[in-house]
Each structure stands twice: as structure tokens, then as C-alpha cells.
4 protein chains.
Amino acid sequence: MASNKQVEIALAAVQLFEQKGYHATSVQDIADAVGLQKGSLYHYIHSKEDLLLQIAHQAITDFNQRLEHILSLDIPAKEKLLAAIENHLTVSISNLQTTTVLLRESFALGENPHQMIQDLTDRYLDLWTAILEEGVRNEEFRIVQPKLTALAILGACNWVYRWYKQSGSLTAHEVAIVFGGLFLDGLLKE
Amino acid sequence: MASNKQVEIALAAVQLFEQKGYHATSVQDIADAVGLQKGSLYHYIHSKEDLLLQIAHQAITDFNQRLEHILSLDIPAKEKLLAAIENHLTVSISNLQTTTVLLRESFALGENPHQMIQDLTDRYLDLWTAILEEGVRNEEFRIVQPKLTALAILGACNWVYRWYKQSGSLTAHEVAIVFGGLFLDGLLKE
Amino acid sequence: MASNKQVEIALAAVQLFEQKGYHATSVQDIADAVGLQKGSLYHYIHSKEDLLLQIAHQAITDFNQRLEHILSLDIPAKEKLLAAIENHLTVSISNLQTTTVLLRESFALGENPHQMIQDLTDRYLDLWTAILEEGVRNEEFRIVQPKLTALAILGACNWVYRWYKQSGSLTAHEVAIVFGGLFLDGLLKE
Amino acid sequence: MASNKQVEIALAAVQLFEQKGYHATSVQDIADAVGLQKGSLYHYIHSKEDLLLQIAHQAITDFNQRLEHILSLDIPAKEKLLAAIENHLTVSISNLQTTTVLLRESFALGENPHQMIQDLTDRYLDLWTAILEEGVRNEEFRIVQPKLTALAILGACNWVYRWYKQSGSLTAHEVAIVFGGLFLDGLLKE
DNA sequence: CATGAATGAGAATTCATTCAT
DNA sequence: TATGAATGAATTCTCATTCAT
């Protein structure tokens, strides 16, 4: 039951947290961005930290739900992996600010809320791992250490928020093709 | 010409910045850690921000110097890539706290110092890219987009600081073998 | 649009700056004087320095406006000079604290704000000079170097904040008569 | 028995206090200026405040001694007054920095040292007053309130440190002629 | 004489949050 | 719902001075 104002505040916060970082963003900054007084913000949010938690939670939940859907499809593991990559990149790039806040600013959360995000992030890793395990089981993929491999792929994908802005001309699809090719076929000729 | 105390302060700061983050670490925390009064710290540092800059600068410079060395070796590109991966993981993991501060906390720097680190980081990417370009030129590697591929590999490697602690039993070498295999041969059978 | 509290703060600051000097007055002192917490002061002021600037600016602007009025009157230069002296002394003495802060503490301002006050002070000198020039032109006054003479008269008048308290029994008018006599007629007999 | 170093320190302090003000000048600044370490300064000075006191004390004592000499001369009061003016302006202008420190920074002294300077300053005023009283007694001067008149003349002369730099081309003698003419003859024609 | 490490008190300012209106 | 005054704790940094070497 998020009111218009709540959504507006969250959007402003995402933008500010992405630009300046959570700590460098004051509650006053957010209030200014939505045309309210500092005090009035507290009708809509519990705390600045809670605002960050909501943003991060929604972001990682979205990633999880989409990956769960892909995992449930009746297609080869190779296709699932490619879909996972393309999905991740598409979501990352089209919500670049939110993704940046999730990946860069979650550490600013206190212990409990941070653990909450961490658990969902672990879950996301598990889903990627599951795709790899399926591929090994199906004999589509070489025998690999699925979790470690998932961490490599996920690392590559998560790194995107760090460089995408500068190389802004690429589409998520173009990146996905390169990444998919790398992870499926490797660099070596033949 | 760094005195003992300066080194001690930098080490304490690395540890605290890694554990609590730059913003959550007060100058008082650092002073306590080295057994000085708050004010006395300022005999050794210019500012808290400068302390972070020194740490990050030394870290990325170390990465760059080692990779430059690898690039200069007279070995096939494939071997250079494997050496780069192993080197990066070894350094990351043996200086996990410093690497974490570099990769996670540099954003806390103000514009100018942040750009300084960014420039050195861009240089590091260029070195990875150069290895890939060499491999393509030598016809060791498939035709790839070298920069995008470098970003993928570097992303995977840089992500390590996020998960290594939890999987603490692995050595850098073990991770390097898995990563190297993934990037050279890909996942697909045959 | 200055609120009551803002006025109250400015008054307290004037009093403290006059008694202890700007540097020896802490923000805490001002807060105590108006019954607020240190932090609460910052709802009303930008900074301690800005507070000083406001005080000095208002003071010199007041001097300027009154002298501009006198200059515009249709009376002989001699009368303008006497009015200027009486006005200056009346304002100085009735706002002795503010005048003291203006003349003694403005140097504590940083470069830019200090220049701002300096410019207005230069303007004040120009107005005195204009009176003298008028008197010379009208052949009321001897030929003199108007600016240098203005500096002498203004110096004498500005010095009042240094000694008035001790000789507190004199009225501004009494002082003005002595000063006026001195500057118009000189000391010599005949 | 002021050593070379002590003199050097005092000169550096005068220059810095004049340029930046006493409060804005750190002990480190002074140490830098004379090529010593902060700690080493304390072999030569008791405290920063004492340094200011020495400077101010020497300055006002110099003014007093010279005026006492003038007062003791066997010449008309009119000549004494002109000599006093010329002397004051000559000393002020040739030691402009010291005079500025005396007149602008003495207020930074604590109560007791400040009173010490104040007493010497009062003495200086008394000497000027004595000249005027002598002139009245001799019937050289009109009947005036000697102290108030002395305050006017002294104010005019003391103000010089505020404007002289800008009008740097004038000599002390040139200023003295204008000031002397003003105080003896006044502005009015005839 | 000179150093420079260390002190410890104090400074201005920021800021998330609360609450009466 | 909205305000904005008020809080009070926290933060970074400065600085005059001391003293063992």
C-alpha cells in the first residue's frame, strides 16, 4: 500500500544514494528532492536506514523472483544460463541506480537489516549454482565446482554497475552475448 | 620514509575500515586502536580521508605494478592471463582487508582523490585488456571484444572480496584454477 | 523577515563579541545566552562567521544610509559636517557594542566577507570626503586635501568606541560640540 | 639581553600578527617563519600571549618615551603639538606593522596583560592632554576640554594604521602637515 | 639548543530524529 | 498531513604547550 509520496521518496532516495552514497546523503537532501520538510518525511519513512533497506530489499527480491522463474522453465541448462545472464544484465542496466544502491550501499545497513539482504543475496547465488549443477547433471557442462563457478559469473555480472555508465552505448543484450560466449566457450581457439 | 607509527596507524585503519566501513569508523576508533589520543593521530595523518586515500592508493598501485610485470614477460598470452588471474587472487586473498577497503570504500573519497584512484583502476583494466588483445593478435584467443571481456574477468576476480571469508578453506591457487578454466575453456563439454 | 529568535541571537552575539571578542566567544557561549542548544543555533545562523558578518554589515549600512541622507540635505557644508559628526557620535554611542564589533572585530572575517565590509567602509569615507569637497567648492572651507582630512575626522570619530565607556557621563552631543569646534575652528586663538 | 633569535622571532611574529591577526597565527606559523620547530620556540618565548605582550609593550613604551621627550622641550605648546603629531605619524608609519599589532591585536591579551598595555596607553593620552593644557595655560590655544580634544587628535593619528597602506605614497611629514593644519586652524576660512 | 612526539582540551558544525502545533 | 523548532550526541580537526631524548 505504498502511497504516491512513498514511491516518490524512494525514487528520490535511490537517485541520491546512487549519486552521493548513503552516508553523504542527508535526510534534508531527500526532503528537498521531494519538496517536503525534513520533519514531514517521517510520515512516510521510519528512518533513513529503513529507506535504504526497502530499496535494497525490493531490488534483490526482484532479481530472485526473475531467476526463480528462469530456473523453472523447461529448457536446457545452457539456455537457462544464457537467460540468467541476459536477465541479470537487463535488470541491472535498466535499473542501474537501484542496482548500484543494492550492491554498493547495503553495507551501510546495521547488522540485522544487512543480514536480511545478505540472506537474499545468498539465495540468489544458490539459484545460479543450481543452474550450473543442472548443467553438470545433464552432461551439458564440464565437471566444475558449481558454487565457485557461480561466484565467478555472478561477480562478472554484478561488476557491471561499476563501469556501465562510461560505456553507455552498449545494450544489455550486446553485453550478454559477450559474457555468454565467454562463460560457455572460453577464450581459447578451437 | 613511513615511520613505525604511521604503518601501525595504516594497519589499524585498514582493519577498522574493513570491519565497520569508512564512515562508521571514527578517528577516535583509530586512535584507540593504536593507543594514541585523537589529536596525536594528526602528527601522522593529514585527515581521515587522506588515510583512506593512502591505503587505496598503495593497494591499487601494487596491483598495477605486478600486472605490468606479468605483461612484460615473454610467455604466451594464455600464460599471461593465467598468471594475471593467479596473481590477482593471491594478492586479493592475502591482503583481503586492504583489497576490501580499496574496492568497497574508495567511493567515500571526495571527488579529486576518488578520481585519482579511478584513474589507477582504469589503468589496471587497460593492462588486462592488453593481455586479451595480445592473445587475439597471436591467434591464441578467439576474436573477442577485449575490453568487455576484461571487464567480465576483472569483475569475477574483484568480486572475491565479497565472498572469500565465508569460504575460507580455499586457497588462491584453487580458485585460480577454476577461474582460469572457466575463462579459457568455458563451461560447455567438448 | 528576521524572526524574534534571530534578533535575539544577534543581540546576544553583539554583546558577547563586544565583551570577549569574536574569537574568545564560542558558539556555546551564544547558545547559552539565548537558552538554546549549540546545535539549535544553526537553525538561525549559517555559521559563527556569518553572524559576525550580519552584525557588521547592518552596522556599516546604517552609518552609510544616515550619512547619505545628511549629504542630500540643502544646507551649507559646514552644517553638513556638524550633522555628520553629531550623527556619527550619536549612533556610535547609542549602539556602542555594535559599533565596537564593527570596528574591532571585522578583521576576524575571512577574506571575502571582510572585503565586503571594507567596501562599505570605503564608501563611508567617500561620503565624508564629499562633504569636505563641497565645502571647498562653496568656499566655506579652506583649501584642504579632502580625503586626508576626512580620514582625520573619521579617525577621531571612530576612536570613540575605545574610550567612551570610561568617560560615560558625556553625551554624544557634548562630544560633538567639542569635535565640531576642533575641526571647524582649530585650537589656535583668534 | 634579547638574543638574535629572540629578535628574529619577534619580528616574524609582528609580521604574522599584522597579516593574519593574532588568533589566526599559530605558533607553528611563527616557528616556520624562523626555521625552528614548534617546540624549540619555547626556548625563547614563554607563550604566544607573552610574545604579543612584548611586542605591544615595546611599541607603546616607545611612543611614550618619545612623547615625554617632546613634552620636556622648551618650545611653545603649538610647536609641541606639531612635533607630537609628526612624531606619532613618523613612528606609526615607519613601524606600521608593529603599530597595527599594538592597536588592533592588544585586545587578544588576557585581562592582566591587557590592563598593562591599557595603562601605558592611558599614560600616552595623558601626555597629549598635558600639551593641550599647557597651550591653554599659555593662552596659545582656545579654551578647550583638553582630554576630549586629545582623544580626538589621538584618534585621528591612531587611525592611520587602518588606511596608510592603501595611500602608501604619502610621507609621514605630508600627513602631519595636513593634520597639524586641521587641528590648529580648523577648516573654516578666515 | 633543538627536536618532535604526545597531550587534552576545545572548537565549529552536522544530522537523524522527535514533537507540539 | 505538514511544519519547523529543538535536540543532543557525534564528528573531524586545531592548537598551545610540555617534556624526554
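No hydrogens, no waters, no symmetry mates; every other heavy atom, side chains included, goes into these values. Chain naming here is simple, since letters A, B, ... match the order of the sequence lines and numbering starts at 1 in each.
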Subject >> Gap between atoms CG and C1', on D:Leu51 and F:dT17 respectively (whole Å) >> reply: 14 Å
Original post:
C:Ile45 CD1 to E:dA12 C1': how many Å, rounded?
Top reply: 10 Å
**OP:** Select one nucleotide: of F:dG8, E:dT13, F:dT14, the one nearest the side-chain heavy atoms of C:Gln37.
**Re:** F:dG8
**OP:** Nearest-nucleotide wise, let me know which of A:Tyr44 and B:Tyr22 is further upstream toward the 5' end of DNA chain F.
**Re:** A:Tyr44
Original post:
If you measure from the Lys or Arg side-chain nitrogens to the Asp or Glu carboxylate oxygens, is any gap between D:Lys165 and D:Glu18 under 4.0 Å?
Top reply: yes
Subject >> Nearest-nucleotide 5' precedence on DNA chain F, B:Val27 against C:His43 >> reply: C:His43
Subject >> Shortest non-hydrogen contact from C:Leu41 toward C:Ala31 >> reply: CD1-N, 3.9 Å
Original post:
Between A:Ala13 and A:Ile30, what is the shortest heavy-atom contact and its length?
Top reply: CB-CD1, 4.4 Å
Subject >> Separation of F:dT18 C1' from D:Gln28 CD (nearest whole Å) >> reply: 15 Å
**OP:** Using atom CG of A:Leu16 as one end and atom P of E:dA16 as the other, report the distance to the nearest whole Å.
**Re:** 12 Å
Subject >> Between F:dG4 (C1') and C:Gln6 (CD): distance, integer Å >> reply: 13 Å
Original post:
With a 4.5 Å heavy-atom cut-off, do D:Tyr22 and D:Val101 have their side chains touching?
Top reply: no
**OP:** Check whether any side-chain nitrogen or oxygen of B:Tyr42 sits under 4.0 Å from OP1 or OP2 of E:dT7, and answer yes or no.
**Re:** no
Subject >> From E:dA6, F:dA10, F:dA16, nucleotide with atom closest to D:Lys48 side chain >> reply: F:dA16
Original post:
How close or far is atom C1' of E:dA6 from atom CG of B:Asn4, stated in whole angstroms?
Top reply: 16 Å
Original post:
So what is the end-to-end bend of the helix from E:dA2-F:dT21 to E:dT21-F:dA2, with 5 pairs used at each end and the value given to 10 degrees?
Top reply: 0°
**OP:** Please report the shortest heavy-atom distance between D:Leu52 and D:Ala108, naming the atom on each side.
**Re:** CD2-CB, 4.2 Å
Subject >> Of A:Arg162, A:Lys20, A:His23, A:Glu105, the residue whose pairing with B:Phe107 passes side chain to side chain contact (heavy atoms under 4.5 Å, CB included) >> reply: A:Glu105
Subject >> Residue A:Ser26, side-chain atoms from C-beta onward, closest of E:dA16, F:dA2, E:dT13 >> reply: E:dA16
**OP:** Between D:Leu36 and B:Leu41, name the one whose nearest nucleotide on DNA chain E is closer to the 5' end.
**Re:** D:Leu36
Original post:
Is B:Ser40 near enough to E:dT7 that one of its side-chain N or O atoms lies under 4.0 angstrom from OP1 or OP2?
Top reply: yes
Original post:
Between B:Ser40 and B:Leu36, is there a donor-acceptor pair closer than 3.5 Å when you use the side chain of the first and the backbone of the second?
Top reply: no
Original post:
Which whole-number value in Å describes the distance from C:Asp32 CG to E:dG10 C1'?
Top reply: 14 Å
**OP:** Using whole Å, report how far NE2 of A:His23 lies from P of E:dT14.
**Re:** 17 Å
